[in-house]
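Working notes, structure below.
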There are 2 protein chains.
Amino acid sequence: MGYYRNDKFLKQFGNHLREIRLGKKLSQEELAFRSELDLTQIGRIERGVTNTSVSLANKIAKALKIPVKDLFDF
Amino acid sequence: MGYYRNDKFLKQFGNHLREIRLGKKLSQEELAFRSELDLTQIGRIERGVTNTSVSLANKIAKALKIPVKDLFDF
DNA sequence: ATTGAATAGTGCAAATTTGCCCTAATATAA
DNA sequence: TTATATTAGGGCAAATTTGCACTATTCAAT
(Lines give C-alpha, C1' and ligand atoms only; values in the text may rest on other atoms or scores of the structure.)
Protein backbone atom coordinates (compact mmCIF):
# COMPACT_ATOMS: atom_id res chain seq x y z
CA MET A 1 0.00 0.00 0.00
CA GLY A 2 1.01 3.62 0.32
CA TYR A 3 0.14 4.64 -3.20
CA TYR A 4 -2.66 6.85 -1.93
CA ARG A 5 -0.20 9.33 -0.52
CA ASN A 6 0.28 12.62 -2.32
CA ASP A 7 3.61 14.05 -1.30
CA LYS A 8 3.11 17.37 -3.03
CA PHE A 9 -0.14 17.89 -1.22
CA LEU A 10 1.40 16.91 2.10
CA LYS A 11 4.23 19.36 1.59
CA GLN A 12 1.81 22.16 0.78
CA PHE A 13 -0.32 21.27 3.75
CA GLY A 14 2.70 21.27 6.03
CA ASN A 15 4.04 24.53 4.72
CA HIS A 16 0.67 26.15 5.12
CA LEU A 17 0.36 24.93 8.69
CA ARG A 18 3.81 26.27 9.45
CA GLU A 19 2.94 29.67 8.09
CA ILE A 20 -0.19 29.85 10.18
CA ARG A 21 1.67 28.72 13.30
CA LEU A 22 4.44 31.24 12.80
CA GLY A 23 1.88 33.94 12.09
CA LYS A 24 0.54 33.25 15.57
CA LYS A 25 4.06 33.34 17.04
CA LEU A 26 3.84 29.82 18.36
CA SER A 27 6.63 27.29 18.62
CA GLN A 28 6.03 23.70 17.54
CA GLU A 29 6.28 22.81 21.20
CA GLU A 30 3.55 25.21 22.21
CA LEU A 31 1.29 24.02 19.40
CA ALA A 32 1.97 20.42 20.40
CA PHE A 33 0.98 21.22 23.97
CA ARG A 34 -2.22 23.00 23.00
CA SER A 35 -3.32 20.36 20.51
CA GLU A 36 -2.26 17.50 22.76
CA LEU A 37 -0.09 16.02 20.04
CA ASP A 38 3.53 15.10 20.31
CA LEU A 39 6.10 17.68 19.29
CA THR A 40 7.62 15.11 16.95
CA GLN A 41 4.34 14.72 15.12
CA ILE A 42 3.87 18.45 14.62
CA GLY A 43 7.31 18.54 13.02
CA ARG A 44 6.56 15.57 10.80
CA ILE A 45 3.34 17.16 9.58
CA GLU A 46 5.00 20.48 8.81
CA ARG A 47 7.81 18.74 6.92
CA GLY A 48 5.27 16.72 4.97
CA VAL A 49 6.76 13.38 5.91
CA THR A 50 3.57 11.96 7.38
CA ASN A 51 0.07 11.78 6.09
CA THR A 52 -1.88 12.78 9.16
CA SER A 53 -5.53 12.22 9.86
CA VAL A 54 -8.50 14.53 9.58
CA SER A 55 -9.05 14.24 13.34
CA LEU A 56 -5.59 15.48 14.13
CA ALA A 57 -6.00 18.29 11.62
CA ASN A 58 -9.12 19.23 13.54
CA LYS A 59 -7.29 19.21 16.87
CA ILE A 60 -4.53 21.36 15.44
CA ALA A 61 -7.03 23.82 14.01
CA LYS A 62 -8.70 24.11 17.40
CA ALA A 63 -5.35 24.74 19.03
CA LEU A 64 -4.72 27.48 16.50
CA LYS A 65 -8.21 28.84 17.02
CA ILE A 66 -9.07 28.72 13.35
CA PRO A 67 -11.73 26.77 11.39
CA VAL A 68 -10.42 23.41 10.15
CA LYS A 69 -11.13 24.32 6.60
CA ASP A 70 -8.57 27.13 6.84
CA LEU A 71 -5.88 24.50 7.24
CA PHE A 72 -6.84 23.27 3.78
CA ASP A 73 -7.13 26.67 2.15
CA PHE A 74 -4.03 26.99 0.03
CA MET B 1 -3.16 4.95 21.46
CA GLY B 2 -6.34 5.98 19.74
CA TYR B 3 -7.22 8.78 22.10
CA TYR B 4 -6.62 11.36 19.40
CA ARG B 5 -9.76 10.32 17.57
CA ASN B 6 -12.78 12.58 17.69
CA ASP B 7 -15.83 10.55 16.83
CA LYS B 8 -18.19 13.51 16.66
CA PHE B 9 -15.97 15.24 14.18
CA LEU B 10 -15.63 12.09 12.08
CA LYS B 11 -19.39 11.66 11.98
CA GLN B 12 -19.87 15.25 10.89
CA PHE B 13 -17.18 14.90 8.29
CA GLY B 14 -18.75 11.72 6.96
CA ASN B 15 -22.24 13.15 6.87
CA HIS B 16 -20.99 16.22 5.08
CA LEU B 17 -19.18 14.12 2.49
CA ARG B 18 -22.31 12.06 1.96
CA GLU B 19 -24.40 15.14 1.37
CA ILE B 20 -21.98 16.47 -1.17
CA ARG B 21 -21.76 13.13 -2.95
CA LEU B 22 -25.53 12.75 -3.10
CA GLY B 23 -25.84 16.35 -4.25
CA LYS B 24 -23.73 15.33 -7.23
CA LYS B 25 -25.85 12.22 -7.80
CA LEU B 26 -22.95 9.86 -7.37
CA SER B 27 -22.97 6.40 -5.84
CA GLN B 28 -20.28 5.37 -3.39
CA GLU B 29 -19.04 3.04 -6.07
CA GLU B 30 -18.69 5.79 -8.64
CA LEU B 31 -16.91 8.04 -6.14
CA ALA B 32 -14.64 5.15 -5.20
CA PHE B 33 -13.75 4.63 -8.85
CA ARG B 34 -13.04 8.30 -9.50
CA SER B 35 -10.98 8.79 -6.36
CA GLU B 36 -9.20 5.46 -6.76
CA LEU B 37 -10.21 4.39 -3.27
CA ASP B 38 -11.94 1.22 -2.30
CA LEU B 39 -15.71 1.27 -2.09
CA THR B 40 -15.43 -0.11 1.43
CA GLN B 41 -13.32 2.84 2.49
CA ILE B 42 -15.73 5.42 1.11
CA GLY B 43 -18.46 3.79 3.17
CA ARG B 44 -16.32 3.74 6.30
CA ILE B 45 -15.54 7.41 5.93
CA GLU B 46 -19.17 8.39 5.42
CA ARG B 47 -20.23 6.36 8.44
CA GLY B 48 -17.52 7.95 10.53
CA VAL B 49 -15.96 4.66 11.55
CA THR B 50 -12.50 5.45 10.28
CA ASN B 51 -10.26 8.44 10.71
CA THR B 52 -8.98 8.94 7.20
CA SER B 53 -5.97 10.88 6.09
CA VAL B 54 -5.66 14.35 4.64
CA SER B 55 -4.29 12.85 1.42
CA LEU B 56 -7.35 10.72 0.90
CA ALA B 57 -9.56 13.68 1.69
CA ASN B 58 -7.72 15.49 -1.07
CA LYS B 59 -8.25 12.66 -3.55
CA ILE B 60 -11.93 12.54 -2.71
CA ALA B 61 -12.27 16.28 -3.15
CA LYS B 62 -10.64 16.07 -6.55
CA ALA B 63 -13.00 13.27 -7.56
CA LEU B 64 -15.90 15.47 -6.48
CA LYS B 65 -14.38 18.44 -8.29
CA ILE B 66 -14.49 20.66 -5.26
CA PRO B 67 -11.73 22.39 -3.24
CA VAL B 68 -10.52 20.23 -0.36
CA LYS B 69 -11.42 22.87 2.13
CA ASP B 70 -15.08 22.45 1.18
CA LEU B 71 -14.97 18.95 2.63
CA PHE B 72 -14.18 20.58 5.97
CA ASP B 73 -16.72 23.36 5.75
CA PHE B 74 -19.50 22.31 8.08
C1' DA C 1 -43.85 -8.74 -4.03
C1' DT C 2 -39.54 -9.22 -6.73
C1' DT C 3 -35.67 -7.86 -8.75
C1' DG C 4 -31.52 -5.36 -8.86
C1' DA C 5 -28.76 -1.57 -7.14
C1' DA C 6 -26.69 0.54 -3.36
C1' DT C 7 -24.97 0.59 1.15
C1' DA C 8 -23.56 -1.73 5.54
C1' DG C 9 -20.65 -4.53 7.76
C1' DT C 10 -17.09 -8.57 8.91
C1' DG C 11 -12.39 -10.28 8.97
C1' DC C 12 -7.72 -10.33 7.74
C1' DA C 13 -2.78 -9.05 6.22
C1' DA C 14 0.08 -5.38 5.07
C1' DA C 15 1.16 -0.60 5.29
C1' DT C 16 1.25 3.54 7.81
C1' DT C 17 0.87 6.63 11.64
C1' DT C 18 1.78 8.00 16.29
C1' DG C 19 3.90 8.74 20.80
C1' DC C 20 7.94 8.37 23.16
C1' DC C 21 12.64 7.87 23.71
C1' DC C 22 16.78 9.96 22.08
C1' DT C 23 20.68 12.91 19.65
C1' DA C 24 21.97 16.23 15.84
C1' DA C 25 21.50 20.33 13.54
C1' DT C 26 20.04 25.00 13.11
C1' DA C 27 18.41 29.40 14.49
C1' DT C 28 18.20 33.23 17.95
C1' DA C 29 20.02 36.08 21.77
C1' DA C 30 23.24 37.76 24.80
C1' DT D 1 31.56 33.22 20.52
C1' DT D 2 28.62 30.98 23.91
C1' DA D 3 24.56 29.78 25.52
C1' DT D 4 19.76 28.76 24.73
C1' DA D 5 15.74 27.69 22.17
C1' DT D 6 13.85 25.57 18.36
C1' DT D 7 13.49 22.33 14.79
C1' DA D 8 15.06 17.99 12.40
C1' DG D 9 15.35 13.42 12.44
C1' DG D 10 16.36 8.28 13.91
C1' DG D 11 14.36 4.11 15.80
C1' DC D 12 10.94 1.28 17.88
C1' DA D 13 6.38 -0.82 19.64
C1' DA D 14 1.62 -0.32 19.55
C1' DA D 15 -2.42 1.42 17.38
C1' DT D 16 -4.84 2.43 13.30
C1' DT D 17 -5.96 2.56 8.49
C1' DT D 18 -6.56 0.46 4.06
C1' DG D 19 -7.58 -2.72 0.28
C1' DC D 20 -9.50 -6.89 -0.69
C1' DA D 21 -12.75 -10.62 -0.50
C1' DC D 22 -17.03 -11.59 1.03
C1' DT D 23 -21.99 -11.69 2.88
C1' DA D 24 -26.02 -9.15 4.74
C1' DT D 25 -29.07 -5.55 4.72
C1' DT D 26 -31.59 -1.67 2.90
C1' DC D 27 -33.37 1.07 -0.91
C1' DA D 28 -35.68 1.99 -5.36
C1' DA D 29 -38.27 0.92 -9.12
C1' DT D 30 -41.41 -1.73 -11.63
Side-chain angles (χ1 to χ4, degrees), chain A residues 1-66 68 71-72 74, chain B residues 1-66 68 71-72 74:
Chain A
M1 284 192 234
Y3 41 83
Y4 40 82
R5 182 150 149 199
N6 182 339
D7 285 331
K8 184 156 67 175
F9 175 76
L10 293 182
K11 285 221 165 43
Q12 290 176 332
F13 181 75
N15 288 334
H16 183 57
L17 166 58
R18 178 165 302 191
E19 284 183 2
I20 294 175
R21 175 179 62 79
L22 292 176
K24 304 236 171 201
K25 313 280 189 195
L26 297 175
S27 65
Q28 290 183 352
E29 193 171 28
E30 178 64 19
L31 178 56
F33 175 75
R34 295 190 188 182
S35 57
E36 296 177 290
L37 298 202
D38 195 85
L39 164 64
T40 312
Q41 183 63 0
I42 299 289
R44 282 189 288 232
I45 295 170
E46 290 194 353
R47 278 175 277 136
V49 299
T50 200
N51 181 16
T52 196
S53 66
V54 295
S55 262
L56 292 199
N58 186 51
K59 290 185 97 173
I60 291 172
K62 279 188 176 172
L64 290 169
K65 295 171 184 165
I66 61 173
V68 209
L71 273 184
F72 295 87
F74 53 88
Chain B
M1 284 192 239
Y3 41 84
Y4 40 83
R5 183 150 150 199
N6 181 340
D7 285 331
K8 184 156 67 176
F9 174 76
L10 293 182
K11 284 224 166 39
Q12 291 176 331
F13 181 74
N15 289 335
H16 184 57
L17 166 58
R18 178 164 304 193
E19 284 183 0
I20 295 175
R21 175 179 62 80
L22 292 176
K24 304 237 172 199
K25 313 280 191 195
L26 296 175
S27 65
Q28 290 183 352
E29 192 172 29
E30 178 64 19
L31 178 57
F33 175 75
R34 294 191 189 182
S35 58
E36 297 176 290
L37 298 201
D38 194 85
L39 164 64
T40 312
Q41 183 63 2
I42 298 289
R44 282 190 287 233
I45 294 169
E46 290 194 354
R47 277 175 278 136
V49 300
T50 200
N51 181 15
T52 197
S53 65
V54 295
S55 263
L56 291 199
N58 185 51
K59 290 185 97 174
I60 291 172
K62 279 188 176 172
L64 291 169
K65 296 171 181 163
I66 61 172
V68 208
L71 272 185
F72 296 87
F74 53 87

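Residue numbering restarts at 1 for every chain, and letters A, B, ... go by the order of the sequence lines. Owing to the predicted nature of the structure, the values given are computational and were not obtained by experimental measurement.
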Just N and O in the side chain of A:Q28: are any of them under 4.0 Å from OP1 or OP2 of D:dA5?
no
Separation of C:dA8 C1' from B:R21 CZ (nearest whole Å):
12 Å
In whole angstrom, give the distance that lies between atom CG of B:N15 and atom P of C:dA8.
10 Å
Take the protein atom CD of A:E30 and the nucleotide atom P of D:dA5, then report the distance between them rounded to whole Å.
15 Å
Roughly how many Å is it from CG in B:L56 to C1' in C:dT17, rounded to a whole number?
13 Å
Is the distance from OP1 or OP2 of D:dT6 to the nearest side-chain N or O of A:R18 less than 4.0 Å?
no
Assign the ring pair B:F13 / B:F72 to parallel, tilted or perpendicular, where the plane angle (0 to 90°) is split at 30° and 60°.
tilted
Examine C:dT18: is either OP1 or OP2 under 4.0 Å from a nitrogen or oxygen in the side chain of A:T50? Give yes or no.
yes
Whole-Å distance separating the CG atom of A:L10 from the P atom of C:dT18
11 Å
Among residues 39-47 of chain B, which ones have heavy-atom contacts with DNA chain D below 4.0 Å?
B:T40, B:Q41, B:R44
Hey, is the main chain of A:V49 close enough, under 3.5 Å, to the side chain of A:R44 for a donor-acceptor pair?
no
Between C:dA8 (P) and B:E29 (CD): distance, integer Å
13 Å
Rounded interatomic separation in angstrom, taking CG from A:N51 and C1' from C:dT16:
9 Å
If you measure from OG1 on A:T52 to CG on B:N51, what distance do you get to the nearest 0.5 Å?
8.0 Å
Which pair of heavy atoms, one from B:V68 and one from B:A61, lies closest together, and at what distance?
CA-CB, 3.7 Å
Donor-acceptor pair, distance only, cut-off 3.5 Å: does the side chain of A:N15 make one with the backbone of A:K11?
yes
Would the distance check show the side chain of B:R47 and the main-chain N or O of B:G43 forming a donor-acceptor pair, the cut-off being under 3.5 Å?
yes
Spatial distance of atom CG (B:L64) from atom NZ (B:K24) [nearest 0.5 Å]
6.5 Å
What is the distance, rounded to the nearest whole Å, between atom NZ of B:K59 and atom P of D:dT18?
11 Å
